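Below you'll find the structure, written out as structure tokens, and then a few comments.
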2 protein chains.
Amino acid sequence: MKAEDRRELVLRAATRAFGERGYVGATTAEVAKAAGVSQPYVVRLFGTKEALFLAVLERALERLLAAFRAALAGASPADAACDTAELHGRLGTAYAELLADRGLLLSLMHGFILGSDPAIGARARAGFLEVYRLLREEAGFSAEEVHGFLAEGMLLNTLIGLRMAVDYEDPAAGELLDTALPTKLDFLLRLEGQRP
Amino acid sequence: MKAEDRRELVLRAATRAFGERGYVGATTAEVAKAAGVSQPYVVRLFGTKEALFLAVLERALERLLAAFRAALAGASPADAACDTAELHGRLGTAYAELLADRGLLLSLMHGFILGSDPAIGARARAGFLEVYRLLREEAGFSAEEVHGFLAEGMLLNTLIGLRMAVDYEDPAAGELLDTALPTKLDFLLRLEGQRP
DNA sequence: GTCTATAATCTGATAGAC
DNA sequence: GTCTATCAGATTATAGAC
């Protein structure tokens, strides 16, 4: 197999591992095992664990921005249906669908709360602001609309990180999940193994 | 000094450390140094690093719930001023003021995204749901209102975790922070050392 | 391109003195 | 109550073979 393909394989495994246990908590050995390669080879491919995490962040941000742009492209040609409420819904759906790429949103989230780390923090801030600008400029949201949209996104990330779906039977948890993911709830419960 | 006092001192140092570098990233040696005690003593006081983190979560949740209840108590006796918009504002202010207890909100956030960890995840979910119930039952919010309030809270946590204030001069970052913290911006910028 | 072996470091935890 | 000394284990990274 070519190094390029291995790289992608390792990147995917790393995304899952970092999403579950965070940058420091996930180990290169764990990533290697999931990718079916040796631990030193993981390090060899990316240089350092930090570079691997940065590569995971990079790929996650690319996919996020691409998903948003695709959602916008699907909506733009239409005529009057392009109010911001409609866009909010489309972008929200695109965001929720990123859950299928396991660990992607959570790796981002882990990056976001490591702002004190010199390299990771800088990349995370820049990435967050790229998303902000896309919503503000390309989607045409107002500052308040972007704020509301990002807030919902961060709550979704948190609920995923919490594995709140495992408590779905709890009335409070059920109501919260129903409210936060009105359309994508089955999707989530299946992902989290709470449904057959 | 009595063990009780040391405990509180160490707990405070641990809250800061865990807030900055996360559960796995922060070390007991780091906490010990910040608290002015030896590393083995930190372990002895709490048993294990995990127990220390759980104690930090416990304390953070207690303070959060207490701050919300105090805000509600200050608002309840009034007559007509108690609509949910008013409460939303009061509770939001109470939440933002918790930023003064450094690391508190971020330690919580780190706990929230470690839902896969058996002990930490369970406590984090239960704590989050306690907050949910308080807002729903004691504050009288609707499911949608709680959802919106929590979403804003998670965005605030994320912006703090990102140290977004260090990029305040960036137009997008400035606008985002202005929108997310309309009233508490100076407070934040001073906390983050972006203001004299 | 990929592995095995291993070095170097860090870190949580224990033992035991004072 | 608190420290010093230290161990055992884990983890990133390197060296070098194939």
Side-chain angles (χ1 to χ4, degrees), chain A residues 1-58 103 107 110-111 114 116-121 123, chain B residues 1-58 103 107 110-111 114 116-121 123:
Chain A
M1 188 180 288
K2 279 176 297 184
E4 180 104 8
D5 297 333
R6 283 281 189 224
R7 230 186 107 92
E8 179 61 21
L9 208 66
V10 171
L11 224 35
R12 217 174 294 221
T15 300
R16 269 201 204 214
F18 285 132
E20 270 205 20
R21 327 231 274 140
Y23 167 52
V24 192
T27 68
T28 56
E30 190 180 341
V31 172
K33 189 173 179 186
V37 299
S38 69
Q39 178 270 330
Y41 192 51
V42 168
V43 175
R44 168 80 112 182
L45 278 175
F46 293 87
T48 64
K49 182 186 178 180
E50 182 180 65
L52 171 60
F53 186 71
L54 289 171
V56 164
L57 280 190
E58 212 67 48
S107 287
H110 278 286
L114 286 182
S116 299
D117 181 284
I120 294 172
R123 188 66 193 94
Chain B
M1 189 178 289
K2 279 178 297 188
E4 179 103 10
D5 297 333
R6 285 281 189 222
R7 231 186 107 93
E8 179 61 22
L9 208 64
V10 170
L11 225 35
R12 216 175 294 220
T15 300
R16 269 200 204 212
F18 285 133
E20 271 204 20
R21 327 230 277 143
Y23 167 52
V24 192
T27 68
T28 56
E30 190 181 342
V31 171
K33 189 173 180 190
V37 299
S38 68
Q39 178 269 331
Y41 191 52
V42 169
V43 174
R44 179 172 265 262
L45 278 176
F46 293 87
T48 63
K49 182 186 178 181
E50 182 179 65
L52 172 59
F53 187 71
L54 288 170
V56 164
L57 280 189
E58 213 67 49
S107 288
H110 278 286
L114 286 182
S116 300
D117 181 284
I120 294 172
R123 188 64 194 95

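Model, not experiment: these values are computed from the prediction.
- Counting only residues at least two apart or on different chains, the salt bridge (Lys or Arg N to Asp or Glu O under 4.0 Å) pairs with a member in residues 23-49 of chain B are B:Arg21-B:Glu30.
- Scanning residues 31-52 of chain A for heavy-atom distances under 4.0 Å to DNA chain C yields A:Val37, A:Ser38, A:Pro40, A:Tyr41, A:Arg44.
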Result block: side-chain N/O donor-acceptor pairs under 3.5 angstrom for residues 35-42 of chain B, not counting sequence neighbours:
| from | atom 1 | to | atom 2 | distance (Å) |
| --- | --- | --- | --- | --- |
| B:Ser38 | OG | B:Tyr41 | N | 3.4 |
| B:Gln39 | NE2 | B:Thr28 | OG1 | 3.2 |

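- Under the rule for a salt bridge (charged side-chain N to carboxylate O under 4.0 Å, His left out), B:Glu50 has no partner lying at least two apart in sequence or in another chain.
- Residues B:Leu45 and B:Leu52 form no side-chain contact, since every pair of their non-hydrogen atoms from C-beta on lies 4.5 Å or further apart.
- By the side chain to side chain contact (heavy atoms under 4.5 Å, CB included) test, A:Glu20 is found to be paired with A:Arg163, B:Ser116, residues two or more places apart in sequence or in another chain being considered.
- Residues meeting the side chain to side chain contact (heavy atoms under 4.5 Å, CB included) test with A:Ala34, sequence neighbours left out: A:Ala13.
- Along DNA chain C, read 5' to 3', the first and last nucleotides having any atom under 4.0 Å from a heavy atom of chain B are C:dT11 to C:dT14.
- Scanning all heavy atoms of the two residues, the minimum distance from A:Val31 to A:Ala17 falls at CG2-CB, 3.8 Å.
- Among residues two or more places apart in sequence or in another chain, the salt bridge (charged side-chain N to carboxylate O under 4.0 Å, His left out) test is passed with A:Arg12 by A:Glu8.
- Here B:Phe53 pairs with B:Phe18, B:Tyr23 under the ring pair (Phe, Tyr, Trp, His ring centres under 6.0 Å) rule; sequence neighbours left out.
- If you check residues 3-19 of chain B against DNA chain D, the residues with a heavy atom closer than 4.0 Å are B:Ala3, B:Arg6, listed by number.
- Looking at residues two or more places apart in sequence or on another chain, you find a side chain to side chain contact (heavy atoms under 4.5 Å, CB included) between A:Val24 and B:Val24.
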